[in-house]
Protein chains: 6
Amino acid sequence: MRQTEELRVLGLEKGVQLHAAGSCLVKLGRTHVLCAASLEERVPGWMKGKGTGWLTAEYGMLPAATNTRSDREAARGKQQGRTVEIQRLIGRSLRQAVDLSALGERTLTVDCDVLNADGGTRCAAITGAWVAVALALRAQGLGSALVRQVAAVSVGIVESGEGRRGLVLDLEYAEDHQAAVDCNLVAARPTLGGELELVEFQGTGEGRAFSRAEAAGLLDLGLAGCAALMDAQEAALG
Amino acid sequence: MRQTEELRVLGLEKGVQLHAAGSCLVKLGRTHVLCAASLEERVPGWMKGKGTGWLTAEYGMLPAATNTRSDREAARGKQQGRTVEIQRLIGRSLRQAVDLSALGERTLTVDCDVLNADGGTRCAAITGAWVAVALALRAQGLGSALVRQVAAVSVGIVESGEGRRGLVLDLEYAEDHQAAVDCNLVAARPTLGGELELVEFQGTGEGRAFSRAEAAGLLDLGLAGCAALMDAQEAALG
Amino acid sequence: MRQTEELRVLGLEKGVQLHAAGSCLVKLGRTHVLCAASLEERVPGWMKGKGTGWLTAEYGMLPAATNTRSDREAARGKQQGRTVEIQRLIGRSLRQAVDLSALGERTLTVDCDVLNADGGTRCAAITGAWVAVALALRAQGLGSALVRQVAAVSVGIVESGEGRRGLVLDLEYAEDHQAAVDCNLVAARPTLGGELELVEFQGTGEGRAFSRAEAAGLLDLGLAGCAALMDAQEAALG
Amino acid sequence: MRQTEELRVLGLEKGVQLHAAGSCLVKLGRTHVLCAASLEERVPGWMKGKGTGWLTAEYGMLPAATNTRSDREAARGKQQGRTVEIQRLIGRSLRQAVDLSALGERTLTVDCDVLNADGGTRCAAITGAWVAVALALRAQGLGSALVRQVAAVSVGIVESGEGRRGLVLDLEYAEDHQAAVDCNLVAARPTLGGELELVEFQGTGEGRAFSRAEAAGLLDLGLAGCAALMDAQEAALG
Amino acid sequence: MRQTEELRVLGLEKGVQLHAAGSCLVKLGRTHVLCAASLEERVPGWMKGKGTGWLTAEYGMLPAATNTRSDREAARGKQQGRTVEIQRLIGRSLRQAVDLSALGERTLTVDCDVLNADGGTRCAAITGAWVAVALALRAQGLGSALVRQVAAVSVGIVESGEGRRGLVLDLEYAEDHQAAVDCNLVAARPTLGGELELVEFQGTGEGRAFSRAEAAGLLDLGLAGCAALMDAQEAALG
Amino acid sequence: MRQTEELRVLGLEKGVQLHAAGSCLVKLGRTHVLCAASLEERVPGWMKGKGTGWLTAEYGMLPAATNTRSDREAARGKQQGRTVEIQRLIGRSLRQAVDLSALGERTLTVDCDVLNADGGTRCAAITGAWVAVALALRAQGLGSALVRQVAAVSVGIVESGEGRRGLVLDLEYAEDHQAAVDCNLVAARPTLGGELELVEFQGTGEGRAFSRAEAAGLLDLGLAGCAALMDAQEAALG
């Protein structure tokens with residue numbers, strides 16, 4: 001059994017989407033997310049004429065990715081609140097990775113589509129999408145625009161259920177379901193070297209509120225997890 | 001000028017919406033949010049037959065509440081991602097205040113509508129909505145279902161601009177705009193007495209990433225702000 | 001008890017929305033509508049290049065404004081037919097107040113949001129919005145574009161129920177519900193002095209048809225009510 | 001040239017829609033509207049169990065019915081405000097024709113689709129739809145549920161342009177465009193005999209406000225026009 | 001009774017829509033479709049600057065056109081999949097009739113609205129719309145842009161039910177319902193003379209799959225039907 | 001170079017979606033489609049109480065699957081006409097594979113999501129989805145409900161461009177773009193042995209019409225291609 005501070009088995013497969021400027025299929029245990037980065041020669045209306053670029057993200061889940069088939073959002077004609085929230089988080093996180101002014105008036109669009117969901121899809125998406133973005137920028141001769149490395153992980157406090165207990169890293173769906181507190185932590189470090197810092201921390205008491213001391217523990221464990229993920233990202237890029 | 005650890009002037013006016021089971025117009029400086037709690041004899045489909053209740057929240061902003069008039073979401077036919085994210089946060093936070101099983105198969109719907117926006121509307125909404133919920137439960141003879149007091153505040157790190165600098169509590173719009181790091185913190189404490197704990201902490205590096213030590217400072221300042229807000233809530237309820 | 005030809009207690013509170021060019025919270029008994037007028041430097045596409053301005057109106061009702069909570073239109077993704085009808089009426093009526101050619105290529109957008117509903121919200125909205133428009137034009141140095149004063153009132157024929165009977169002015173919700181005939185009348189008079197005239201008259205037989213003579217009575221009573229409202233508007237503007 | 005108080009040439013062709021319980025193609029000059037009445041064995045949710053019926057109306061315009069092709073509402077995914085307003089008027093008007101309690105829990109749905117538009121389509125729709133409803137009720141053995149005859153006509157005040165001037169009955173599109181005041185009047189009379197009364201009167205000052213005396217003239221002319229239309233309806237039914 | 005290889009009684013009435021550049025009411029037995037062609041001085045965004053034109057089609061069905069009233073798509077806010085499929089077929093088919101480069105940057109919009117449905121509405125729409133397009137082009141002095149004549153018919157294999165059996169031409173609704181195989185065939189021939197060819201063939205096994213030999217029979221019968229329809233189109237145009 | 005009557009390299013990878021009852025990643029050259037079949041304990045409303053089951057299909061394309069990134073349909077809030085058409089075809093085709101009455105009141109939902117698009121995605125989807133359906137039925141002990149094998153292929157007539165010319169099987173995107181005639185053919189054969197028959201044939205003249213003889217050639221080539229695909233399906237199932 002995994003230790004409480006251990007990540008699931010991680011895979012980062014490059015080039016799965018043949019047309020994308022950069023793509024990466026990230027597998028974290030049974031959570032599989034296909035990430036692609038596309039570079040388009042346009043910026044949103046409100047950015048025109050500023051000479052700088054933009055990065056935006058979209059997230060989706062294949063209907064059969066979940067234990068019980070979920071509705072197709074395109075068929076329902078509406079993205080769920082959860083989807084909107086996740087894709088805003090992914091975009092915000094990856095904008096910390098890129099020097100947008102070095103892009104010129106171009107938009108990097110990141111697509112994250114979950115093929116199999118077993119907890120932690122938004123964090124896996126961020127970790128995999130960073131690899132796709134790095135590949136896309138290099139392929140376009142814009143490698144110097146990549147100023148920070150970004151990765152994300154979930155941490156939580158699990159009190160009931162079998163298996164791992166207490167402060168737990170990288171929760172599977174079953175663990176997430178039993179967690180009293182559930183957090184997502186996004187971290188960054190400069191590509192030219194430097195300290196790991198926080199880009200985003202979202203902690204939610206699902207079953208109960210949590211103490212100031214527990215918050216500290218969650219931050220520390222999450223940062224450690226992100227450091228390990230970043231080593232894997234570097235290895236994948238070669 | 002306000003000190004960096006000081007809240008804006010706070011007002012909690014009860015009963016502004018005549019038909020609602022409970023209502024409260026919260027004013028935090030120039031941010032004014034009208035909060036109402038309605039109790040309906042139904043639960044969402046997926047909860048039927050469980051004998052327990054539900055609490056959900058909706059958030060809106062009057063078009064003229066902002067410096068430049070914003071689009072009316074009802075006319076555009078779609079709630080913005082920001083709106084969806086905020087109302088999910090409000091709902092999640094206030095569900096910590098209520099023992100849902102004590103409601104029976106009923107739904108408390110919380111409406112938060114911003115009349116004037118000057119930063120921190122989602123936190124003001126949570127603080128005011130808790131008063132509306134408390135009033136509604138008491139009015140319906142369900143006062144014992146109110147198990148925790150909940151309040152929220154924004155904290156941030158401001159580096160540029162005039163005025164307050166560094167770790168700052170309860171940001172106005174102008175400060176929020178200049179903040180490098182922007183956080184929302186929701187806290188709870190048992191109505192029967194006990195420690196202040198965290199319900200939700202969302203910290204985002206807007207302009208830069210932030211260190212582990214800065215995260216700790218943000219948590220501490222936010223908890224202090226929530227404690228002050230809770231005293232005001234108690235005073236308002238009498 | 002009010003006499004059949006008597007208005008409810010009227011209040012016109014200015015400046016409630018801090019960012020709007022002009023705003024007015026109109027209270028007519030227990031009907032409270034927040035009205036704001038915003039001036040934007042654009043006109044609809046079909047008006048571009050004509051050198052003249054436009055006025056448009058939007059109407060909404062807070063979910064908790066009614067006796068039983070109503071759905072939030074932004075959440076349903078669609079404005080109701082009733083809403084569309086009302087905001088078209090408000091816009092049409094207030095366009096009679098303004099010399100659009102004196103605005104230049106600018107749009108006055110009027111927002112009317114009902115905080116509490118107890119009958120006659122569309123008429124109260126028109127009466128309050130006229131004050132907001134007047135304030136906005138003066139604040140922008142466009143006071144001479146205000147060429148007519150506009151106010152609106154409901155009139156009806158009540159046959160059943162307790163209280164006021166027969167031809168009745170300014171119906172509350174309970175009266176409106178019992179009315180056999182229900183009318184809304186919008187009147188105007190030149191700001192430089194002149195006769196009160198009709199801008200719009202909408203009479204509907206809800207429970208029964210009504211005679212030519214009854215139509216005459218409704219017109220006369222409605223015009224008298226509008227005259228009283230206009231005096232109050234003038235007093236509010238000072 | 002038509003006199004100011006004269007209707008256009010009227011035709012009422014029955015049975016054009018082969019499947020409908022009742023149908024009527026109404027032609028008023030160059031305005032042609034296809035009206036159908038369908039009887040369905042259901043009522044809206046809020047009417048269930050009351051033992052009474054309902055009547056509702058829908059209105060549409062073929063894209064090629066207007067001088068310049070208009071958008072297809074089904075393709076745009078939204079009915080225009082004007083459409084919603086018109087179909088609400090048609091429904092309200094025809095509910096005065098039918099004793100809904102005599103229908104049982106059934107819904108009469110009236111469809112009015114404009115094949116050619118030359119002004120006055122909503123009034124023509126009401127006049128033609130009444131014939132369709134009468135035919136449908138008779139065909140279903142529910143003739144006694146038809147308690148009133150309903151017809152509608154437009155009246156206006158035309159001040160500019162060539163041709164008819166002053167108070168004018170049954171405006172063509174070109175006249176409607178030049179009208180300073182534009183009204184729609186719906187009238188009813190009991191099928192068993194009795195006085196003509198008003199069901200709805202909507203008068204709008206488009207170019208200017210109008211006086212109390214002008215309102216009286218518009219009412220009188222409109223009632224006279226409706227009387228003539230009702231004679232034609234009776235003749236068509238035979 | 002009709003023979004298996006016989007068309008229903010056909011009528012092609014011109015000029016029913018007064019404002020359209022060209023219009024034709026096609027009647028094939030009890031299937032009646034009103035077709036209009038409008039010429040607009042614009043092309044879709046992706047065609048701008050190419051100096052060539054476009055032809056697009058929209059299809060709708062009046063709610064009362066079917067045996068049981070169907071929902072109005074404009075009211076539901078969405079066109080059905082069936083509708084979208086049909087209007088794409090109509091557009092594709094009629095683009096074979098017109099030399100788009102001879103139109104200049106203009107769009108021919110074809111509207112096909114079913115007044116009465118008794119099977120084969122999409123084929124009737126194509127046959128009638130071709131007449132409307134021909135009339136519109138001639139009226140605009142663009143007759144030379146009409147390079148091919150286009151018509152369509154349904155064919156099927158009927159195995160059960162009374163009446164016509166086996167390979168059957170031009171199915172009524174009742175026959176279509178009983179058909180094991182259901183096909184739509186669109187054919188074209190040059191306006192300056194030449195062979196009849198296929199524009200589109202869609203054969204679907206509804207109740208069972210069909211053999212290669214049956215496919216051949218369906219093609220032959222459909223082509224024969226189209227030849228007969230083309231003779232009628234020519235006669236109608238005169 | 002491939003011969004004109006040759007398929008692209010085909011792969012059928014089973015079990016890629018971990019939660020689905022059956023899944024298959026079909027690769028036909030550079031066209032990759034992920035297909036899943038889910039069995040749900042419900043049927044559409046109109047089928048309830050009939051004791052028989054249903055099969056429905058949904059189709060989507062990941063935004064980065066195409067050469068230029070395409071819009072995400074869930075974000076646009078609407079499925080394109082092309083998508084609707086394709087998923088109707090997939091559903092219709094696979095319903096020929098299953099004895100729906102043997103399912104009981106259950107629905108098989110087939111999801112086909114294109115990961116990489118290089119022509120022929122709808123045909124690849126049908127071929128792969130049949131494998132997913134077969135796996136799902138076997139896994140649920142419903143293997144006897146699988147009564148026919150179904151596969152699909154594209155065929156066309158290519159006249160310009162380099163490479164394969166004339167009647168061509170299994171078109172890549174570049175070939176499809178140059179094709180004058182473009183067809184999709186779906187074939188079936190009984191799982192217990194029997195002749196290959198047609199389920200659906202859709203031939204469209206994109207650049208020109210096509211002759212009766214060419215139609216015959218397209219049918220023959222398509223049937224041969226389907227036979228080869230079916231052998232591969234059988235091998236994949238083992």
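Lettering of chains follows the sequences in order, A, B, ..., and the numbering in each one begins at 1.
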Exercise. What are the residues of residues 192-208 of chain F, in order of number, with any heavy atom under 4.5 angstrom from a heavy atom of chain E?
Worked result: F:E197, F:L198, F:V199, F:E200, F:F201, F:Q202, F:G203, F:T204, F:G205, F:E206, F:G207, F:R208

For this session: Test F:V84 against E:Q80 for side-chain contact (heavy atoms from CB on, under 4.5 Å), laying out the working first.
Result: CA-CA 9 Å; F:V84 171; E:Q80 288 185 286; over 6 Å; no

Seminar exercise, completed: Residues at least two apart in sequence or cross-chain that pass side chain to side chain donor-acceptor pair (under 3.5 Å) with F:R82, listed by chain then number, are F:Y59

Exercise. Can you pull out the residues in residues 170-189 of chain F with any heavy atom less than 4.5 Å from chain E?
Worked result: none

For this session: Please list, in residue-number order, every residue in residues 87-98 of chain F that has a heavy atom less than 4.5 Å from any heavy atom of chain E; write 'none' if there are none.
Result: F:R88, F:R92, F:Q96

For this session: Compare every heavy atom of E:A215 with every heavy atom of F:L219, then report the nearest pair and how far apart it is.
Result: CD1-CB, 4.0 Å

